[in-house]
Amino acid sequence: MTPAEREARALHQGMKIHGPVYRDELASSFSISWSRAPYIEGGWQKIPGGPEAPVYAPLNAPAGRVYFAGDWLSHLVSWQHGAFMSARKAVTALHTRSLAV
């Protein structure tokens, strides 16, 4: 998408949550595709298979009673969505474990 298209989409989606004030109070916007920025590609590794890739299995398994979560435990490294996905996976595993007791 072009920058204008990204802004329009963000406003459309944001207004679903926050109402017209989301659009009305926007002074300016900025967006970038970090994976396309020169000299920064190494910050984000893409492991084939996404969050269910076998390489993540030992990292997402609990160590006794300790569960780990973070963006670094998902295929969306360095991004809030990856952290939320990882946290949800850990909480779901903990919940499932507590129901089995």
Side-chain angles (χ1 to χ4, degrees):
M1 289 189 279
T2 67
E5 290 169 335
R6 288 193 299 265
E7 180 182 279
R9 180 167 168 82
L11 287 171
H12 177 74
Q13 296 299 328
M15 286 173 33
K16 290 179 181 179
I17 299 168
H18 304 288
V21 71
Y22 192 80
R23 177 197 59 232
D24 298 342
E25 294 188 1
L26 177 70
S28 65
S29 68
F30 173 81
S31 67
I32 186 170
S33 175
W34 290 110
S35 64
R36 294 182 181 177
Y39 313 111
I40 200 166
E41 293 91 359
W44 291 271
Q45 56 202 13
K46 293 183 180 172
I47 297 175
E52 302 306 322
V55 70
Y56 288 112
L59 301 172
N60 284 307
R65 295 173 53 188
V66 178
Y67 289 73
F68 299 99
D71 66 321
W72 39 272
L73 288 176
S74 81
H75 69 298
L76 297 169
V77 179
S78 300
W79 195 245
Q80 293 175 358
H81 182 64
F84 283 117
M85 285 176 49
S86 177
R88 186 175 190 168
K89 181 178 257 184
V91 169
T92 299
L94 183 59
H95 178 71
T96 301
R97 180 178 175 174
S98 69
L99 290 177
V101 175

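In what follows, residues are counted from 1 in the order of the sequence shown. Below, all heavy atoms of this structure are taken into account, side chains as well, without hydrogens, waters or symmetry copies. No experiment lies behind these values; they were computed from the predicted model shown.
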Minimal non-hydrogen separation, Ala87 against Ala69, with atom names
CA-CB, 3.7 Å
Closest non-hydrogen atom pair, Ala63 against Phe68
CB-CE1, 3.9 Å
Does the Thr96 side chain pair with the main chain of Thr92, one donor and one acceptor, at a distance under 3.5 Å?
yes
Which Ile, Leu, Val, Met, Phe, Trp or Tyr residues join Tyr67 in one cluster when any pair of side-chain heavy atoms under 4.5 Å counts as a link?
Leu94
Kindly determine whether His95 and Ser98 satisfy side-chain contact (heavy atoms from CB on, under 4.5 Å), including the steps that lead there.
CA-CA 5 Å; His95 178 71; Ser98 69; 4.3 Å; yes
Look up atom NE2 in His12 and atom CE in Met15, then write down how far apart they are to the nearest 0.5 Å.
8.0 Å
Going hydrophobic residue to hydrophobic residue with side-chain gaps under 4.5 angstrom, can you get from Val91 over to Phe84?
no
Mind checking whether Leu59 and Val66 sit in one hydrophobic cluster, side chains of I, L, V, M, F, W, Y counted as touching below 4.5 Å?
yes
Is there a side-chain contact between Arg65 and Arg97, using heavy atoms and a 4.5 Å cut-off?
yes
Can you tell me if Arg9 has over 12 outside heavy atoms packed within less than 6.0 Å of its CZ?
no
So which heavy atom on Arg6 is nearest to which on Ser31, and how close?
NE-OG, 2.6 Å
Side chain to side chain donor-acceptor pair (under 3.5 Å) contacts in which one or both residues fall within residues 20-30, not counting sequence neighbours:
Glu7-Ser29
